[in-house]
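Each ligand, and each atom within it, is numbered from 1 in the order the structure gives.
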Amino acid sequence: MAKDKGTYYISTPIYYPSSNLHIGHTYCTVMADAMARFKRLQGYDVMFLTGTDEHGQKIQLLAQEKGVSPQEYVDEVVAGIKDLWKTMEISYDDFIRTTEDRHIKRVQAMFMKMYEKGDIYKGEYEGWYCTPCESFWTEAQLVDGKCPDCGRPVTKAKEEAYFFKLSSYADDLLKLFREKPEFLEPESRRNEMIAFIEQGLEDLCISRSTFDWGIPVPIDEKHVIYVWLDALTNYITALGWPDEPEKYEKYWPADVHLVGKEIVRFHSIIWPAMLMSAGLPLPKQVRGHGWLLMGGEKVSKSKAAKGLDVIDPVVLIDRYGIDALKYFLLREYTFGQDGTFTNEVMLKRLNYDLANDLGNLVSRTVSMIEKYNGGFVPDLTEEGRCRDEVDYDAQLKEVALGAAPKVEKNMDDFKFNMALEEIWILVRRANKYIDETMPWALAKDEAMKPRLDNVLHNLAEAIRIISILIHPYMHTTSDAIRKQMGLWYSDVAWEDAFTFEMMCGEQVKKGKAIFPRLDIEKELEELYKIGAETAAAKGADVNIPLELKDEIEYDDFDKLDLRVGTILSAEKHPKADKLLVFQVKMGTEKRQIISGVAEDFKPEECVGQKVVVVANLKPRKLRGLESKGMLLFADNVVDGKERCEFVTTRADDGNPVT
Ligand code: MSP
């Protein structure tokens with residue numbers, strides 16, 4: 001059991017339940033989950049909080065459009081969000097919804113604290129409002145007259161409102177950034193915030209009276225609390241502040257609020273000022289991450305219809321597994337910077353790192369231990385066993401023992417990608433070790449058995465360490481590896497990554513490949529289709545290539561003699577339910593043609609139909625009746641359903657179709 005290192009409180013933003021979440025949202029939650037699991041493994045008592053931000057005009061409007069109450073609307077979306085986190089095995093300790101009573105009463109308590117301090121006054125608000133972002137902007141803040149965050153149009157707003165005296169905290173905030181630079185990382189974000197404050201802070205509108213989907217202002221029932229005061233306070237209401245302060249006293253101040261870059265301002269200026277006003281301690285740190293981009297734009301719900309890369313995390317998880325998606329998100333992107341998401345980048349990462357590097361290392365090692373040592377990790381602690389060490393061994397051991405401290409260092413800096421890279425340096429070193437030591441050659445010489453044992457043992461040690469190191473990021477894979485290595489009975493303990501002397505006689509057992517190799521071309525096609533279909537379903541104008549049989553030559557086509565005919569009569573085949581027997585007239589000729597379309601058409605609706613006939617098809621008997629030629633049909637998609645239709649024409653019967 002890891003020793004108790006104290007508490008660690010990490011939060012994600014609370015998500016707007018306006019519609020289902022996409023891969024951009026999962027990015028932040030996956031990082032927070034990895035950090036929470038990492039800290040737990042290190043022995044911290046972790047509080048990992050996430051939740052949903054459910055009030056505001058936008059939700060009210062969406063509910064109206066759908067003809068349901070705002071509460072019904074959010075209940076449904078929130079259920080989906082919780083399902084998603086369950087599917088992704090997100091290990092949160094609490095999920096706060098801003099519509100819960102525990103939150104509502106505590107937000108009101110926060111309002112009263114700030115009010116009693118003399119920091120809240122009634123005034124009149126005049127400015128620009130962006131409904132989707134729920135943000136007020138001053139004239140000067142607009143970009144080309146539009147919302148500076150999302151670029152959408154803003155509307156003029158003027159109303160009576162309560163204000164928070166944010167401006168009077170400007171000096172305290174500047175002091176905070178100067179004296180505790182670690183409060184906001186990375187540095188570039190901090191400099192932006194300092195510049196923002198130095199421009200002059202305006203007081204903050206904290207109530208609205210033109211809609212009512214919000215928490216009532218305790219001193220004025222005409223007003224509801226405007227979203228940011230409501231939302232930000234979640235970080236302490238979930239801890240029971242102020243009426244049930246046990247958890248609050250244990251975990252507050254938070255170690256880190258993990259947030260996207262566009263909401264850093266709210267977390268590093270407004271939130272600390274609110275806490276200062278209420279006389280409460282500030283969080284230790286705010287960390288701003290970059291965005292996932294697609295086609296140069298932020299992945300977002302409103303742009304989902306345009307893109308053809310798959311942004312629904314559930315689709316990706318169904319195909320590749322939770323660990324693959326988590327690994328990709330954590331490994332591919334640099335914390336703090338934007339990064340582009342494409343199916344291709346993802347698939348390559350999964351194949352190279354997971355199937356080739358990690359998957360191969362485990363399967364090769366387990367196979368060799370089975371083949372050369374009866375399925376048992378050689379026990380070098382047995383009396384009389386020699387333990388030689390040549391260069392390769394020393395190098396492998398050095399990389400293996402050096403990995404955990406490097407992972408720790410990178411995790412302290414939120415460099416998830418570098419932490420994983422350090423682990424993969426070990427994975428690749430171990431693969432190289434196999435090539436260098438060539439166990440299959442050692443196995444040919446009985447005299448080399450002690451050396452072979454040494455090599456297999458070292459590989460098993462390296463994999464054992466890897467299974468611990470990857471645990472916070474991909475615990476299912478870690479468990480699968482430990483099971484194959486005969487380690488399933490022992491708990492994963494971080495301290496065990498600091499020793500190279502633990503494996504002794506474990507029985508290994510080959511399981512199925514932990515990451516099967518993907519056929520990238522095929523997967524790309526499949527994902528493209530799914531993305532395009534989703535986009536098409538949302539009304540986007542897409543160009544989806546059809547799935548076709550092999551190409552043919554012109555000469556093949558030229559062999560067909562196509563004619564126009566008219567159906568004179570149609571009846572069911574007496575001996576086959578699926579067949580219709582047609583009498584067709586083509587010019588002067590009348591003939592019988594049989595087609596398998598009885599499930600698609602009633603005989604009477606076919607009579608008089610103009611049809612295109614493959615007139616030179618070799619005649620054949622179908623259940624005792626002769627069919628001479630073939631009528632052409634084609635599949636069409638109408639209102640999302642496939643339907644069989646006649647290939648028809650306006651030409652007179654008997655004319656060749658050209
Ligand atoms: N409700 C507020 C947060 C209140 S916190 C007290 C909110 N919600 S949100 O649903 O719009 O966004 C939640 C988080 O998702 C933000 O941190 C945002 O940066 C993140 N992301 C949304 N799209 C994203 C990407 N395409 N890429 C990365 N993160 C993205 O803001």
Problem - Pairing of R106 and D101 as salt bridge, 4.0 angstrom limit - result: no

Practice task
May I ask you to say whether D171 pairs ionically with K175, meaning some side-chain N is under 4.0 Å from a carboxylate O?
Solution key: no

Handout entry: With Y473 via side-chain hydrogen bond (donor to acceptor under 3.5 Å, both in side chains) - residues at least two apart
Key =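 side-chain hydrogen bond (donor to acceptor under 3.5 Å, both in side chains) list for Y473, sorted by chain: empty.
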
Exercise for the section: For W128, check side-chain hydrogen bond (donor to acceptor under 3.5 Å, both in side chains) against everything at least two apart and list the hits. Expected result: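 Scan of W128 (side-chain hydrogen bond (donor to acceptor under 3.5 Å, both in side chains), adjacent residues dropped) gives E139.
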
contact_flag [X] ligand 1 heavy-atom lt 4.0 Å:
| X | value |
| --- | --- |
| Y235 | yes |
| G290 | yes |
| H257 | no |
| M294 | no |

Problem - Option passing side chain to side chain contact (heavy atoms under 4.5 Å, CB included) with F416 (candidates K326, R331, M35) - result: M35

In terms of atom number and element, which parts of ligand 1 are under 4.0 angstrom from non-hydrogen atoms of [X]?
| X | result |
| --- | --- |
| A231 | 6 (C) |
| D53 | 1 (N), 2 (C), 4 (C) |
| H289 | 28 (C), 29 (N) |
| E262 | 16 (C), 18 (C), 19 (O) |
| W228 | 3 (C), 4 (C) |

Fill in the blank from the handout: Among V259, I14, V264, I270, closest by heavy atom to atom 5 (S) of ligand 1 is I14

Problem - Minimum non-hydrogen distance to atom 30 (C) of ligand 1, winning option of G288, G339, G24 - result: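 Going through G288, G339, G24 one by one, G24 has the nearest heavy atom to atom 30 (C) of ligand 1.
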
Practice task
Tell me which part of F266 gets within contact of ligand 1: side chain, backbone, both or neither, using heavy atoms under 4.0 Å.
Solution key: neither

Exercise for the section: State whether the number of non-hydrogen atoms from other residues, nucleotides or ligands found under 6.0 Å of E221 atom CD is greater than 12. Expected result: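 Atom CD in E221 is not packed in, count stays at 12 or less.
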
Practice task
Among K39, K284, Q285, find the residue that satisfies the side-chain hydrogen bond (donor to acceptor under 3.5 Å, both in side chains) test when tested with D255.
Solution key: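 Of the listed options, the one satisfying the test is K284.
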
Problem - H103 to T237 - nearest heavy-atom pair and separation - result: ND1-OG1, 2.8 Å

